[in-house]
Amino acid sequence: MARYEPSLIEPKWQDYWDQHQTFATPTALNGPKYYVLDMFPYPSGAGLHVGHPSGYTATDIMARYKRAKGFNVLHPMGWDAFGLPAEQYAIQTGTHPEVTTQKNIANFKRQLKSLGFSYDWTRELSTTHPDYYRWTQWIFLQLYQRGLAYVAEVPVNWCPALGTVLANEEVINGRSERGDHPVVRKPMRQWMLRITDYADRLLDDLESLDWPDSIKEMQRNWIGKSIGAEVDFKVSDHNANIRVFTTRPDTLFGATYMVLAPEHPLVQTLTTNAQRESVQQYIDQAATKSDLERTELAKEKTGVFTGAYAINPLNEARIPIWVADYVLISYGTGAIMAVPGHDQRDYEFARTFDLPIIEVITGGDISEAAHTGHGTLVNSGFINGLSVEEAKAVTIDYLVKHGLGQKAINYRLRDWLFSRQRYWGEPFPVAWDQSNQPHPLPEQQLPLRLPELADFQPSESGDPPLSKATEWLHFEMDGLPMRRETNTMPQWAGSCWYYLRFVDPHNQHQAWDKEKERYWMPVDLYVGGAEHAVLHLLYARFWHKVLYDAGYVSTAEPFMKLINQGLITSYSFKDASGRYVHTDDVDFDGNQAIDSRTGESLEFQVEKMSKGKMNVINPDRIIESYGADAFRLYEMFMGPLEMSKPWNTKSIDGVRRFLERVWRLVVDEETGALATGLSDTAPNDAIKRLYHKTIQGVSDDIEALRFNTAISKMMVLVNGLTKEDVRPREAVQGLLLMLAPFAPHLAEELWCRLGHQQSIAKSAFPVADPEWCVDDLITIVVQINGKKREALELPADIEQAEALSAAKNNERVASALQGQQIVREIFVPGRLINLVVKPRR
RNA sequence: GCCCGAGUGGUGAAAUGGUAGACACACGGGACUUAAAAUCCCGCGGAGGUAACCCCUCCGUGCCGGUUCGAGUCCGGCCUCGGGCACCA
């Protein structure tokens, strides 16, 4: 073979790596380690998307680079394979989810292998395998034993179309995240996890993580800690108190009414007979409203007066008590004091129902809108004249002293709704006795396997499919008849701890070996999509902390450094009538888009890839026509890893040409022999300098995950070498070593052709000689008043005085200085000179 | 509405506060070839000037202002796009 043909060399080296176990994880638990992890995929029927490999390539480069730098590297891959699509498919076709899952995994694995990723496939795992979910169930028991798992009858998000309950975060505007079906509220018995117990730690420990600020911020907002006070309001003519939570105790004098959530237990007690009918009507209405309707109607405030009054504990004012659904039963105490002067929602409500609005903080205009900013307290008795901050502290002190309230903290975060009415998930290791008490299964009985089932349909009532597995359902424990839990765990369960199982994936006796855990954890680099910013990453951190408290893991946090790879978008094309034209039928050069069938010119725009927009790029086809190495290189060369960027198949030509140039540095395309330019003589100074600078730059860029600029630096080296008649072997080999993490197949092939017996993956990364990374002569720019006037070639180590005199003696600079007086001279060593001048008088 | 992030050539993009546009795509020109492809070399932000050639000037990083000897980069305000959250008291 004389020419570069990826279709021949890529499978060859993939087989070689497989056969030689090139990427097996070292077993020795000493020396520097690097654990680099991808968010493992859900193996969908559609197969790999060009978006997946951008993160996978980045981690693969890091894994290969760190190995070449002498690290023990753990770089595994697995499958997050429980979940809805396989089950939906089973309902439609009767195909068992296990069958679908295996088929999809095989396809994903084939695609990942065709990209030459250096995963240790001996550590492959699937969340659906009993050897894995056995330990998912075991972790659940740990949570249960620590009182962190409990059963509650809670109004949940019931999705009739999917036949399941969804977590709050899986519901978007009252519709299911998956499938966009309507969701209604329905009370049901559910498993909950007490993630709220960990809210403070989940919040505080964010500080210690090297994560993008945006993700940390999203988690902070999701946890939603707010500090304020709980205040008790006496109810007039009743022996009852209404407790409210407020972040603004300073505005207590401005409370002109109170609001209870429709579900608040005191509503029935307080409502006067005169108001009972209308209140009941309002509550019934609110109960039947789905979340969708509640949010859709959010613009307009609704509510009803109970007829009862409360007493403001500070000034004894008698204020009416209302019921309204803008107050949520699930947050705070389900009741608020309404301060329309300084809260926009209360303001709108007060305007709608003509309730009084009092200004207690200066600085706004309460005839226009609520003033939520800073100011000075007025109309507020003993806190008049104070600032907002002072007034908060003084009010809380007063409330505490008089037994009227206390400082309080609330979180937006709710407990985690942890059960689903589905078949294709982990069964709960829990049994129910005849008096309906739960009993955890003994650990030795794990795994509790999923029973075989022919009908995956949920029942109309919402009973899960597992309730149909009659033989499985009923059993005896300690001689007592028991019924198994028929809910299953949500998809998040398996992904909450897979990174721990990778450390010791075949352990039959425990979830992982502690020593292995101590060596490999935490994950040094975790790469995945930003769509998991809150859900997966928060849940996994929660489980990890529980395991940490239980002494099973040695670190408080699982993922040290996190990177979100950017979305890969793509151009989509529309003809004059506005219909999408498939990418495959378009000739596109970045300037002009033409329908290759009709010659019609097309409009184009960058959009998210989707079938409907006909702009999905299939990685198999790209590998087929350009090779895996070019594909990998292109995805990295497109731009910074974290940025979203548009795919343009035409641009792959550039990196493919680069790889061909590298090929020709080593191989004579005519004969297939080694290129004649290759030479064992030492490189000349210019090449040697370029070579060492490239090593330096590429190493720095890889460490900082700047793969795009690393590639461009290698291109510069290749362009430099190509221009030389004689290509020193030292530089060419060094280039291959640097390129190997990016384009491993090509690097292996050329390395082998250069006569090496061992895989290039076993060779060390080149080291730059600092002496050759600096130039003797450098360009120093001369500016006058900040404008570039001249560039001088001067010795790199030149002193300020000499540089200045060289500048002033320069003909062009001197003429520009005619009639000017130098008022200041700036010298930046190795960079520039700036002469600040003004006209001489 | 609130919280993040991003706006730089025809395109993807580079640039510790220090020569804006590295590296590529597309395009144009040249060499090689009977020819084409491939390859190699050159040009490529805009406007203007001088000119056989060498070059020179002004403008230019979404918009307006500020800090600085010097701003794509830092600060304030705005606009547009993308992502997230959304009655959380």
Side-chain angles (χ1 to χ4, degrees), chain A residues 3 169 172-173 212-218 220-222 224-226 228 244-248 251 259 294-295 297-299 301 324-328 330-339 342-346 348-349 410-414 530-531 533-534 564 566-567 569 571 588-592 606 608 634 637-640 642-655 657-658 660-661 664 669 706 708-716 718-719 722-723 779-791 812 823-826 828 830-837:
Chain A
R3 294 178 67 94
E169 39 276 43
I172 293 162
N173 291 329
D213 286 337
S214 60
I215 301 291
K216 289 197 201 180
E217 196 56 29
M218 277 192 223
R220 280 189 202 109
N221 293 339
W222 193 263
K225 181 177 186 170
S226 44
V244 302
F245 174 72
T246 176
T247 54
R248 297 296 303 276
T251 61
V259 184
R294 277 202 188 186
T295 32
L297 298 171
K299 293 125 210 162
K301 295 276 181 291
D325 66 2
Y326 82 92
V327 173
L328 309 174
S330 52
Y331 184 79
T333 61
I336 62 157
M337 64 176 204
V339 185
H342 304 281
D343 181 286
Q344 192 55 34
R345 296 153 300 179
D346 297 343
E348 287 161 17
F349 190 83
N410 257 295
Y411 299 91
R412 202 191 81 110
L413 184 71
R414 306 291 152 78
E531 66 273 22
V534 276
N564 296 119
L567 195 70
T569 51
Y571 290 98
F588 182 53
D589 66 7
N591 245 340
Q592 280 270 318
V606 170
K608 213 165 160 170
Y634 174 61
F637 186 62
M638 285 167 83
E642 310 89 310
M643 294 248 289
S644 113
K645 46 215 170 245
W647 180 274
N648 183 357
T649 301
K650 202 135 205 172
S651 295
I652 306 177
D653 284 333
V655 291
R657 279 199 278 256
F658 163 66
E660 285 170 357
R661 284 157 89 102
R664 285 193 297 269
E669 283 197 310
R706 292 187 301 249
N708 53 332
T709 51
I711 294 166
S712 88
K713 288 184 174 93
M714 289 189 277
M715 286 173 166
V716 172
V718 169
N719 291 346
T722 301
K723 283 196 175 98
T779 307
I780 290 196
V781 166
V782 182
Q783 297 182 335
I784 291 172
N785 283 345
K787 286 198 186 228
K788 180 187 165 190
R789 280 294 175 261
E790 182 61 298
R812 192 181 303 168
V823 294
R824 195 165 165 192
E825 295 168 339
I826 312 275
V828 182
R831 284 286 183 181
L832 61 62
I833 288 166
N834 188 11
L835 301 174
V836 184
V837 301

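Basis for what follows: all heavy atoms, side chains included, without hydrogens, waters or symmetry-related copies. Below, chain A is the first sequence line, B the second, and so on; all start at residue 1.
A:Glu217 has its CD atom 15 Å from the C1' atom of B:rA86, to the nearest Å. For the pair A:Glu642 CD and B:rA13 P, the interatomic distance rounds to 13 Å; values are reported in whole Å. Regarding A:Met218, its CE atom lies at a distance of 14 Å from the C1' atom of B:rC2, rounded to whole Å. Between A:Tyr411 atom OH and B:rA89 atom P there is a gap of 13 Å when expressed in whole angstrom units. For the pair A:Lys788 NZ and B:rU57 P, the computed distance is 10 Å after rounding to whole Å. Computed from coordinates, the A:Asn221 CG to B:rG1 C1' distance equals 14 Å when rounded to whole Å. Here B:rU19 presents its P atom at 14 Å from CD1 of A:Ile833, a figure rounded to the nearest Å. Rounded to whole Å, atom C1' of B:rC23 lies 10 Å from atom CG of A:Asn708.
B:rA86 and B:rC78: their C1' atoms are spaced 24 Å apart (whole Å). One C1' atom belongs to B:rU67, the other to B:rG77, and the distance between them is 15 Å to the nearest Å. Between B:rG82 and B:rG30, the distance separating the two P atoms is 44 Å to the nearest Å.
Listed candidates were B:rU19, B:rC87, B:rC56. Nearest to the side chain of A:Arg812 is B:rC56. Closest to the side chain of A:Pro640, out of B:rA13, B:rG18, B:rA24, is B:rA13. Among B:rU19, B:rU39, B:rA26, the nucleotide with an atom closest to any side-chain atom of A:Lys650 is B:rA26. Of the candidate nucleotides B:rG12, B:rU39, B:rA89, B:rU39 has the atom nearest to the side chain of A:Arg664. Set against B:rC59, B:rG18, B:rA89, the side chain of A:Leu832 has B:rG18 as its closest nucleotide. The nucleotide whose nearest atom lies closest to any side-chain atom of A:Arg3 is, among B:rA89, B:rC23, B:rA38, B:rA38.
Checked against side chain to side chain contact (heavy atoms under 4.5 Å, CB included), A:Pro646 has the following partners two or more places apart in sequence or in another chain: A:Thr569, A:Tyr571, A:Val606. Annotation: salt bridge (Lys or Arg N to Asp or Glu O under 4.0 Å) contacts of A:Lys723 (sequence neighbours excluded): none. In this structure, A:Ser712 has no side-chain hydrogen bond (donor to acceptor under 3.5 Å, both in side chains) partners at least two apart in sequence or on a different chain. Scanning for side-chain hydrogen bond (donor to acceptor under 3.5 Å, both in side chains) contacts around A:Asp346 gives A:Tyr326, with sequence neighbours left out.
Distances shorter than 4.0 Å separate none of the side-chain N or O atoms of A:Arg220 from OP1 or OP2 on B:rC85. Contact between the side-chain N/O atoms of A:Arg412 and the OP1/OP2 oxygens of B:rC85 is not found at any separation under 4.0 Å. Checking the phosphate oxygens (OP1, OP2) of B:rG5, no side-chain nitrogen or oxygen of A:Asn564 falls inside 4.0 Å.
Both A:Leu567 and A:Ser712 lie near RNA chain B, and the one whose nearest nucleotide falls closer to the 5' end is A:Ser712. Projected onto RNA chain B by closest heavy-atom contact, A:Thr709 and A:Met715 fall at different nucleotides, the more 5' of which corresponds to A:Thr709.
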**Asked** In the 5'-to-3' direction, what one-character label does each nucleotide of nucleotides 68-73 of chain B receive under the scheme B = base within less than 4.0 Å of a protein heavy atom, S = sugar-phosphate only, - = no such atom?
**Response** -BS---

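Taking 3.5 Å as the limit, the base of B:rC87 and the side chain of A:Lys301 contain a donor-acceptor pair of atoms between them.
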**Fill in**
Taking Watson-Crick and G-U wobble contacts under 3.5 angstrom, with | marking pairs to another strand and [ ] crossing pairs, the secondary structure of RNA chain B is written (((((((..(((.....[....))).(((((.......))))).(((((.....)))))..(((((..]....))))))))))))....

